[in-house]
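Predicted model only: the values in this text are computed from it and were never measured.
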Amino acid sequence: MKRNKGLEIVYEDSDLIVVNKPGGLLTMATDRGDDVTAYSVLTDYVRRKSPRSRIFIVHRLDRDTSGLLIFAKNPETKHALQDYWNEAVRERIYVALTEGAPDPPEGICVSWLKDNPKSFKVSSCPYDNGGRKAVTHYRQIGAFGDYALVEFELETGRKNQIRVHAAQMGHPIAGDRKYGAATSPIRRLALHARSIVFTHPWTGETLSFDTGIPGEFRLRQCRQER
């Protein structure tokens, strides 16, 4: 597995690249003109092999969310994945540390989400208010003192969906002060895109990747910051 400035390449072929993005690295540049992003790192990587090579963003993760991302090497692959995303992607599972344990420990969150440009937050409503329907399955898989280790499986993929639904349950993701977290035991947002299973758009092969649970999420040696 190759590493480029903390970005780990876990799979590569002639059409796409799958990477494990570290927390703190943007997927792509913002209006502020951030220099180093997953996109820029991979662009440099492919151009070292061929100066005319390009990279295309298929989907994104928040800056502080770590985990698996798919990039395309040509526009045809990008559109094939994006246009048939729901059919191509069979599974997406995240893991997070939440403040406190969800009750019940397993269930489904359903709400309608709206982006608020004034607060820069996403609001959640239990009924259809014109927002985008969001469905998240969750399951507690462990506990560390005041924190729970929770798996989240996305049925839909909306902006900040897991973060909003965790806060809605009364158990925000640790480190997520934007959505009400009071602590930051690993000094960043404790959310990781652990696994993804999808169908290769050209070969039809099922590709499955799982990073496992990040070691820093196992809090035996983490200092709590309040």
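- With hydrophobic clusters built from ILVMFWY side chains whose heavy atoms lie under 4.5 angstrom apart, Leu16 does not share a cluster with Val197.
- Panel note: side chain Ser40, backbone Thr37; a donor-acceptor pair is recorded below 3.5 Å.
- You'll find the side chain of Leu207 reaches within 4.5 Å of the side chain of Tyr11, heavy atoms only.
- Not a single donor-acceptor pair under 3.5 Å links the side chain of Arg47 to the backbone N or O of Arg52.
- A side-chain donor-acceptor contact under 3.5 Å links His171 to the backbone of Ala101.
- Under the 4.5 Å side-chain criterion, counting only non-hydrogen atoms from C-beta, Pro105 is not in contact with Arg139.
- Distance check, rounded to the nearest 0.5 Å: CD1 of Ile141 to CG of Leu149 gives 4.0 Å.
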Worked check of salt bridge (charged side-chain N to carboxylate O under 4.0 Å, His left out) between Asp62 and Lys159 = CA-CA 9 Å; Asp62 294 338; Lys159 180 181 177 181; over 6 Å; no
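- The closest donor-acceptor contact from the side chain of Asn74 to the backbone of Thr77 lies under 3.5 Å.
- Side-chain N or O atoms of Gln161 include one that pairs as donor or acceptor with a backbone N or O of Thr156 at under 3.5 Å.
- The main-chain N or O of His200 is never found under 3.5 Å from a side-chain atom of Thr203 such that the two would form a donor-acceptor pair.
- A salt bridge between Glu151 and Arg92 is absent, with no side-chain N of the basic residue lying under 4.0 Å from a carboxylate O of the acidic one.
- The shortest heavy-atom contact between Ile173 and Ala190 is CG2-O, 3.4 Å.
- Using modelled atom types, one side-chain atom of Arg158 and one backbone atom of Lys133 make a donor-acceptor pair closer than 3.5 Å.
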ask   = Does the side-chain contact (heavy atoms from CB on, under 4.5 Å) test come out yes or no for Gln82 and Val58, once each step is laid out?
value = CA-CA 6 Å; Gln82 288 183 336; Val58 175; 4.2 Å; yes
query = Could you go step by step and tell me if Thr183 and Glu99 meet the side-chain hydrogen bond (donor to acceptor under 3.5 Å, both in side chains) rule?
reply = CA-CA 8 Å; Thr183 64; Glu99 294 185 336; 2.6 Å; yes
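- A salt bridge between Arg194 and Asp210 is present, with a side-chain N of the basic residue lying under 4.0 Å from a carboxylate O of the acidic one.
- To the nearest 0.5 Å, atoms OG (Ser66) and CG (Leu7) are separated by 11.5 Å.
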message = Set out, in order, the CA-CA distance, both residues' side-chain angles and the distance that settles side-chain hydrogen bond (donor to acceptor under 3.5 Å, both in side chains) for Thr206 and Arg90, then state yes or no.
response = CA-CA 9 Å; Thr206 297; Arg90 301 183 185 182; 3.1 Å; yes
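- Looking at heavy atoms from C-beta onward, Val95 lies in side-chain contact with Phe217 at the 4.5 angstrom threshold.
- In the hydrophobic clustering of this structure, Leu154 does not group with Val110; members are Ile, Leu, Val, Met, Phe, Trp, Tyr whose side-chain heavy atoms approach within less than 4.5 Å, directly or through other members.
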task = Determine, step by step, whether Thr136 and Glu155 satisfy the side-chain hydrogen bond (donor to acceptor under 3.5 Å, both in side chains) criterion, reporting the C-alpha distance in whole Å, the side-chain angles of both residues, the deciding distance to 0.1 Å, and the verdict.
result = CA-CA 6 Å; Thr136 307; Glu155 189 171 315; over 6 Å; no
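- Residue Arg54 places its CZ atom among 12 or fewer non-hydrogen atoms of other residues, nucleotides or ligands, all under 6.0 Å distant.
- Listed by chain and number, the residues in a side chain to side chain contact (heavy atoms under 4.5 Å, CB included) with Ser123 are Lys114 (sequence neighbours excluded).
- Remark: Ile186 CD1 to Tyr147 OH distance equals 10.0 Å, nearest 0.5 Å.
- Applying the ring pair (Phe, Tyr, Trp, His ring centres under 6.0 Å) test to every pair with at least one member in residues 107-137, sequence neighbours left out, gives no pairs at all.
- Formation of a donor-acceptor pair under 3.5 Å by the Lys21 side chain with backbone atoms of Thr65 is found in this model.
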Intermediate values then yes/no, salt bridge (charged side-chain N to carboxylate O under 4.0 Å, His left out), Lys73 and Glu12 = CA-CA 10 Å; Lys73 288 184 170 182; Glu12 180 179 5; 2.7 Å; yes
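- Atom CZ of Arg60 has 12 or fewer neighbouring heavy atoms from other residues, nucleotides or ligands inside a 6.0 Å radius.
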key: His192/Thr211 under side-chain hydrogen bond (donor to acceptor under 3.5 Å, both in side chains): CA gap, chis, key distance, verdict   = CA-CA 9 Å; His192 178 78; Thr211 67; 2.6 Å; yes
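- Criterion: ILVMFWY side-chain heavy atoms under 4.5 Å apart, direct or through other members. Under it, Leu97 and Tyr179 are not part of a common hydrophobic cluster.
- Each ring pair (Phe, Tyr, Trp, His ring centres under 6.0 Å) pair with one or both residues in residues 57-110, not counting sequence neighbours, appears once here: His59-Trp85.
- Criterion: ILVMFWY side-chain heavy atoms under 4.5 Å apart, direct or through other members. Under it, Ile17 and Leu25 are part of a common hydrophobic cluster.
- Looking at Lys178, its side chain never comes within 3.5 Å of a backbone N or O of Lys121 through a donor-acceptor pair.
- Judged by distance alone, with hydrogens and angles left aside, the side-chain atoms of Gln140 form a donor-acceptor pair with the main-chain N or O of Gly142 at under 3.5 Å.
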key: Candidate pair Glu216 and Arg188, rule salt bridge (charged side-chain N to carboxylate O under 4.0 Å, His left out), full reasoning   = CA-CA 10 Å; Glu216 61 187 335; Arg188 73 167 178 90; 2.9 Å; yes
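- Linking ILVMFWY residues whenever their side-chain heavy atoms come closer than 4.5 Å, directly or via other members, places Ile57 and Ile9 in the same cluster.
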